[in-house]
A.B. asks: 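Below you'll find the structure I mean.
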Amino acid sequence: MTASRVLVLNSGSSSVKYQLLDMRDSSRLAVGLVERIGEQGSRLKHTPLAAGGESREWSGPIADHDAALKAVAAELAKDGLGLDSPELAAIGHRVVHGGKHFTEPTVIDDAVLAEIERLIPVAPLHNPANLTGIRTAQALRPDLPQVAVFDTAFHTTMPESAARYAIDVETADRHRIRRYGFHGTSHAYVSRATAKLLGKAPEDVNVIVLHLGNGASASAVRGGRCVDTSMGLTPLEGLVMGTRSGDMDPAVIFHLARVGDMSIAEIDTLLNKKSGLIGLCGDNDMREIRRRIDEGDERAQLAFDIYIHRLKKYIGAYYAVLGRVDAIAFTAGVGENAAPVREAAVAGLDRLGLAVDPELNAVRGDEPRLISPAGARVAVAVVPTDEELEIATQTYALVGGTDMRAHRAGND
């Protein structure tokens with residue numbers, strides 16, 4: 001039997017998310033989460049989907065990622081899905097930052113590990129945790145192919161005019177300062193799935209993808225290739241997010257240091273963790289913000305208006321970048337579930353061919369769907385993202401000897 005399973009690992013600083021998929025039909029065999037690693041109150045939740053079993057939860061101290069992955073392996077083994085199974089083809093790892101070097105999924109070896117480590121200065125919160133997960137998985141299955149799938153890879157097709165900042169070139173190159181973009185696996189998956197929804201090939205479609213979650217980013221995708229994206233050197237640039245400011249005059253940092261007597265660390269915390277929606281109104285949950293708006297809360301209304309204003313600016317900007325737009329796709333937690341956000345984002349853009357049908361927009365569902373009126377010049381779509389499937393498919397395409405890329409977006 002040809003090995004057809006892929007384990008997807010997303011290792012954070014104190015958590016590990018995982019999914020086991022069978023790539024013969026892209027079905028999920030198991031999903032789970034280990035959180036609060038390194039604390040006394042660590043927690044593991046495991047759901048064996050293949051057997052139709054119920055979720056199992058376990059609480060207790062999990063000292064490190066090595067212990068976490070061993071606990072995951074033990075849970076999988078209970079369902080006959082252990083890491084020692086001959087049906088396991090590879091382990092796919094989400095790696096946040098691949099810089100300019102990694103433009104495709106990559107089989108991990110010592111040189112790849114060294115480059116991911118060398119990129120830590122531009123991804124200090126994410127790449128160390130990703131490395132820890134990789135090394136732990138390698139220790140558990142040294143014989144198994146391990147593949148890195150990079151958040152930044154999809155955006156490496158941006159032209160230099162979009163990727164470079166207007167600062168001294170030598171300084172920028174020395175310190176690797178450029179716009180890298182993030183959420184790339186989501187933008188790749190959703191742009192292809194949108195083309196499929198329209199009954200067209202990706203190379204024939206121009207799409208603006210709006211990945212709206214607690215972290216949020218937009219991308220302009222021309223013929224399947226990213227030509228611009230809203231996040232930059234870090235995930236701080238761009239749209240208003242749950243706790244991040246997004247675009248801002250960089251001189252604000254100098255002002256806070258001089259006038260506010262704030263340290264670099266304090267400003268970093270302010271802009272990444274205490275700004276965005278939570279900084280504006282004290283909530284970063286769009287459902288709670290909408291509830292407060294319905295009750296007449298002015299701070300919540302202003303936060304929503306600022307969020308939409310920034311979003312609409314990016315829609316207009318990427319419309320100009322692409323020249324022709326065939327579709328706008330909303331995805332991720334807010335994009336998939338917040339009908340008022342979708343409605344407000346395109347309100348007043350009728351002359352650009354953008355509108356939503358109120359009844360279609362109000363429908364909730366797990367499948368890609370159009371919410372624009374029949375005959376609209378530009379399709380407006382809701383396309384649930386599937387980053388784990390994207391990682392698994394890229395991994396299997398690389399190590400399984402089969403080019404499945406043309407089928408990725410539609411197999412789930």
Side-chain angles (χ1 to χ4, degrees), residues 95-106 112 114-127 130 148-188 190-191 203 206-211 215-241 244-255 264 267-268 271-272 275-276 310-325:
V95 179
V96 167
H97 216 306
K100 290 177 63 178
H101 183 75
F102 295 111
T103 62
E104 297 285 344
T106 305
V112 171
E115 183 63 19
I116 295 171
E117 189 165 16
R118 204 160 68 91
L119 287 163
I120 285 176
V122 290
L125 298 178
H126 298 97
N127 274 30
N130 301 154
V149 178
F150 299 91
D151 272 13
T152 50
F154 183 65
H155 304 304
T156 58
T157 56
M158 284 192 295
E160 286 292 279
S161 57
R164 277 198 176 271
Y165 291 109
I167 66 172
D168 173 67
V169 171
E170 291 183 1
T171 301
D173 289 348
R174 184 165 61 251
H175 299 291
R176 301 188 182 194
I177 298 171
R178 62 188 287 115
R179 302 185 63 251
Y180 294 102
F182 300 90
H183 296 145
T185 51
S186 177
H187 287 279
V190 170
S191 61
E203 55 268 25
N206 290 355
V207 187
I208 298 173
V209 178
L210 302 172
H211 178 108
S217 61
S219 68
V221 182
R222 177 184 292 127
R225 294 167 61 86
C226 177
V227 295
D228 206 350
T229 192
S230 58
M231 287 179 167
L233 174 71
T234 75
L236 182 59
E237 186 181 358
L239 303 175
V240 174
M241 303 175 224
R244 298 183 188 126
S245 64
D247 291 341
M248 187 187 68
D249 181 350
V252 170
I253 296 170
F254 315 144
H255 180 79
I264 293 296
I267 297 171
D268 190 312
L271 299 183
N272 279 290
S275 296
R310 184 79 55 81
L311 185 56
K312 193 169 290 190
K313 282 175 67 174
Y314 268 91
I315 292 172
Y318 286 173
Y319 207 118
V321 166
L322 290 170
R324 186 198 85 237
V325 175

A.B. asks: Do Asp173 and Arg164 come close enough that some side-chain heavy atom pair is under 4.5 Å?
C.D. replies: yes

A.B. asks: Using a 4.5 Å cut-off on heavy atoms from C-beta on, say whether the side chain of Thr152 contacts that of Val96.
C.D. replies: no

A.B. asks: Please give me the minimum heavy-atom distance between Leu119 and Gly99, naming the atom from each residue.
C.D. replies: CD1-N, 3.7 Å

A.B. asks: Within a strict 4.5 Å, meaning less than it, do heavy atoms of the Thr157 and Val227 side chains meet?
C.D. replies: no

A.B. asks: Rounded to the nearest 0.5 Å, what's the gap from CG on Asn272 to CG on Leu236? Could you check?
C.D. replies: 5.0 Å

A.B. asks: When you measure from the side chain of Asp247 to the backbone of Gly238, do you find a donor-acceptor pair of N or O atoms at a distance under 3.5 Å?
C.D. replies: yes

A.B. asks: Is Ser219 reaching over with its side chain to a backbone N or O of Val221, donor-acceptor style, under 3.5 angstrom?
C.D. replies: no

A.B. asks: Does Leu233 offer a backbone N or O that forms a donor-acceptor pair with the side chain of Arg178 under 3.5 Å?
C.D. replies: no

A.B. asks: Kindly indicate, with the supporting measurements, whether the criterion side chain to side chain contact (heavy atoms under 4.5 Å, CB included) is fulfilled by Leu271 and Met248.
C.D. replies: CA-CA 10 Å; Leu271 299 183; Met248 187 187 68; 3.6 Å; yes

A.B. asks: With a 3.5 Å distance limit and no angle check, can you tell me whether Ser230 reaches the backbone of Ala218 through a side-chain donor-acceptor pair?
C.D. replies: yes

A.B. asks: Do the ring centers of His97 and Phe182 come within less than 6.0 Å of each other?
C.D. replies: yes

A.B. asks: When rounded to the nearest 0.5 angstrom, what distance separates CZ in Arg179 from CE in Met158?
C.D. replies: 5.5 Å

A.B. asks: Side-chain contact test, heavy atoms from C-beta onward, threshold under 4.5 Å: evaluate it for Phe150 versus Ile116 and give yes or no.
C.D. replies: yes

A.B. asks: Does the pair Arg222/Asp228 count as a salt bridge with the N-to-O cut at 4.0 Å?
C.D. replies: no

A.B. asks: Is the side chain of Asn206 donor-acceptor paired with the backbone N or O of Gly323 at a distance under 3.5 Å, no angle test?
C.D. replies: no

A.B. asks: Under 3.5 Å, is there a donor-acceptor pair linking the side chains of His187 and Thr229?
C.D. replies: no

A.B. asks: Test side chain to side chain contact (heavy atoms under 4.5 Å, CB included) on Met231 and Met241 and set out the steps.
C.D. replies: CA-CA 11 Å; Met231 287 179 167; Met241 303 175 224; 3.9 Å; yes

A.B. asks: List the atom of His211, the atom of Ser186, and the distance in Å for their closest heavy-atom pair.
C.D. replies: ND1-OG, 2.8 Å

A.B. asks: Do other residues, nucleotides or ligands put more than 12 heavy atoms under 6.0 Å from Glu203 CD?
C.D. replies: yes

A.B. asks: Measuring from atom CG of Leu210 to atom NE2 of His183, what distance do you get when rounded to the nearest 0.5 angstrom?
C.D. replies: 12.5 Å

A.B. asks: Given Arg118 and Arg176, is the side chain to side chain contact (heavy atoms under 4.5 Å, CB included) satisfied, shown in steps?
C.D. replies: CA-CA 11 Å; Arg118 204 160 68 91; Arg176 301 188 182 194; 2.3 Å; yes

A.B. asks: For Asp151 and Thr185, run side chain to side chain contact (heavy atoms under 4.5 Å, CB included): C-alpha distance rounded to whole Å, both residues' side-chain angles, the deciding distance at 0.1 Å, then the answer.
C.D. replies: CA-CA 6 Å; Asp151 272 13; Thr185 51; 4.1 Å; yes

A.B. asks: For residues Ile208 and Tyr314, determine if any side-chain heavy atom of one lies less than 4.5 Å from a side-chain heavy atom of the other.
C.D. replies: no

A.B. asks: Is the count of non-hydrogen atoms from other residues, nucleotides or ligands lying under 6.0 Å from Arg225 atom CZ greater than 12?
C.D. replies: no

A.B. asks: Looking only at heavy atoms, which two atoms of Glu104 and Ala153 are closest? And how far apart?
C.D. replies: N-CB, 4.2 Å

A.B. asks: Would you find a donor on one side and an acceptor on the other, under 3.5 Å apart, between the side chain of Ser191 and the backbone of Ala188?
C.D. replies: yes

